[in-house]
Amino acid sequence: MRIATWNVNSVRQRLDHLLVWLKDCAPDIVCLQEIKCVDEAFPREAIEALGYNVVTHGQKTFNGVALLSKYPLEEATPRLAGDDDDLHARFIEGVVSLKTGVVRVACLYLPNGNPPETEKYTYKLKWMSRLLEYSKERLKTEEPLILAGDFNVIPAPRDVHNPAAWVGDALFKPQTRESFQALLGLGLTDALRAVTDAPSQYTFWDYQAGAWQKNWGIRIDHLLLSPQAADRLTGVGINKHVRAWEKPSDHVPVWIDLDLAAA
DNA sequence: ATGGCATGGATACCATGA
């Protein structure tokens with residue numbers, strides 16, 4: 001089973017890329033972030049035509065997440081628990097049933113948090129704290145769980161071209177990285193780091209300053225696996241070539257393969 | 001070329017992002 005995540009930076013602007021990539025990569029489950037539209041405006045028919053079930057949690061203009069799955073999505077639930085006043089569309093989870101049991105996938109778009117001296121960073125840290133609580137609860141079930149999305153966290157210096165330039169940034173500040181490490185401390189595995197120690201495994205390149213051409217990237221799109229999922233991990237990939245397409249997203253897809261028997 | 005952006009949604013620029 002292949003599970004992928006991609007921040008598309010507007011699903012309507014990126015629909016052609018998304019359809020081509022879905023055919024090439026052939027993921028079974030996809031987590032999309034920054035769809036940047038309300039649910040009614042999501043191009044669901046074109047995606048359903050490729051054999052996917054679709055659930056969305058969108059909002060006008062900003063944010064927005066979606067789950068695509070070749071298997072029926074059960075228990076599709078938007079919003080991360082812990083703050084009823086948080087109206088940003090940044091989280092949706094779903095469950096699929098296989099012969100061997102269920103797989104739960106949480107699709108998330110973690111707040112950017114810049115500038116760090118503002119309430120935006122406070123919001124980011126609180127969101128990460130809520131994600132930690134959510135993960136604690138879900139891990140108790142001892143089922144395959146995948147947290148996939150744009151975490152807006154650079155986990156370590158090897159995950160950024162020029163660490164010195166990012167020390168004060170909300171994506172790389174010590175408190176941000178510590179909060180991410182707390183997730184791993186629960187027993188979650190960073191899938192990419194389970195298969196390689198190599199530096200420069202970037203998933204995002206800024207549109208500005210020729211960042212792509214200079215390979216000034218950062219690794220901020222992640223798939224975190226519960227022990228029951230990590231035990232089944234057989235492969236991880238970053239579809240870097242997608243960043244070279246015409247009018248691309250600034251993020252590229254990341255995928256994992258799990259050895260789970262199909263339904 | 002010595003500075004290089006993209007998106008949506010109100011326009012005839014702005015907020016947001018990372």
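Computation of the quantities below employed the complete heavy-atom set of this structure, encompassing side-chain atoms and omitting hydrogens, waters and symmetry-equivalent molecules. In what follows, every chain begins at residue 1, and chains take the letters A, B, ... in the order their sequences are listed.
Side-chain N or O atoms of A/Arg14 include one that pairs as donor or acceptor with a backbone N or O of A/Lys247 at under 3.5 Å. Side chain of A/Glu74 to backbone of A/Val96: no donor-acceptor contact under 3.5 angstrom is found.
Nucleotides B/dA18 and B/dG8 are separated by 15 Å at their P atoms, to the nearest Å. Remark: the separation of the P atoms in B/dA10 and B/dA6 is 22 Å, to the nearest Å. B/dG3 and B/dT7 have their P atoms separated by 25 Å, given to the nearest Å. B/dG9 and B/dG4: their P atoms are spaced 27 Å apart (whole Å).
Under the 4.5 Å side-chain criterion, counting only non-hydrogen atoms from C-beta, A/Val102 is not in contact with A/Pro144. A 4.5 Å side-chain heavy-atom check between A/Leu32 and A/Val30 finds at least one atom pair inside the cut-off.
Residue A/Asn152 is classed as a sugar-phosphate contact, given heavy-atom separations below 4.0 Å to backbone atoms only. Counting non-hydrogen atoms under 4.0 angstrom, A/Lys214 reaches a base of the nucleic acid. The residue A/Asn9 sits close only to the backbone: its heavy atoms come under 4.0 Å of sugar-phosphate atoms, none of a base. Residue A/Gln13 is in sugar-phosphate contact alone, with no base atom involved, counting any heavy-atom pair closer than 4.0 Å across all strands shown. A/Tyr109 comes within 4.0 angstrom of sugar-phosphate atoms only, judged by non-hydrogen atoms across all strands, and of no base. Counting non-hydrogen atoms under 4.0 angstrom, A/Asp150 reaches the backbone sugars and phosphates but no base.
For the pair A/Asp250 and A/Ser10, both in contact range of DNA chain B, the more 5′-proximal nearest nucleotide belongs to A/Ser10. For A/Tyr207 and A/Val11, each mapped to the nucleotide of DNA chain B holding its nearest heavy atom, the one lying further toward the 5' end belongs to A/Tyr207.
For DNA chain B, the outermost nucleotides in 5' to 3' order that have an atom under 4.0 Å from a heavy atom of chain A are B/dG4 to B/dA18.
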Apply ring-ring contact (aromatic ring centres under 6.0 Å, His included) to A/His88 and A/Tyr123, showing your working.
CA-CA 11 Å; A/His88 290 197; A/Tyr123 172 59; 5.1 Å; yes
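Look at B/dG4: its glycosidic torsion is within 90° of 0, and that puts it in the syn range.
Base pairing in DNA chain B yields stems of at least 3 consecutive Watson-Crick or G-U pairs, both distances under 3.5 Å, namely B:5-9 with B:13-17.
Separation of the A/Trp6 and A/Trp21 ring centroids falls under the 6.0 Å cut-off. Between A/Tyr202 and A/His161, the distance from one ring center to the other does not fall under 6.0 angstrom.
A/Trp212 is linked by a side-chain hydrogen bond (donor to acceptor under 3.5 Å, both in side chains) to nothing, counting only residues two or more places apart in sequence or in another chain.
A/Phe91 and A/Tyr134 have perpendicular rings, their planes meeting at more than 60° on a 0 to 90° scale where under 30° would count as parallel.
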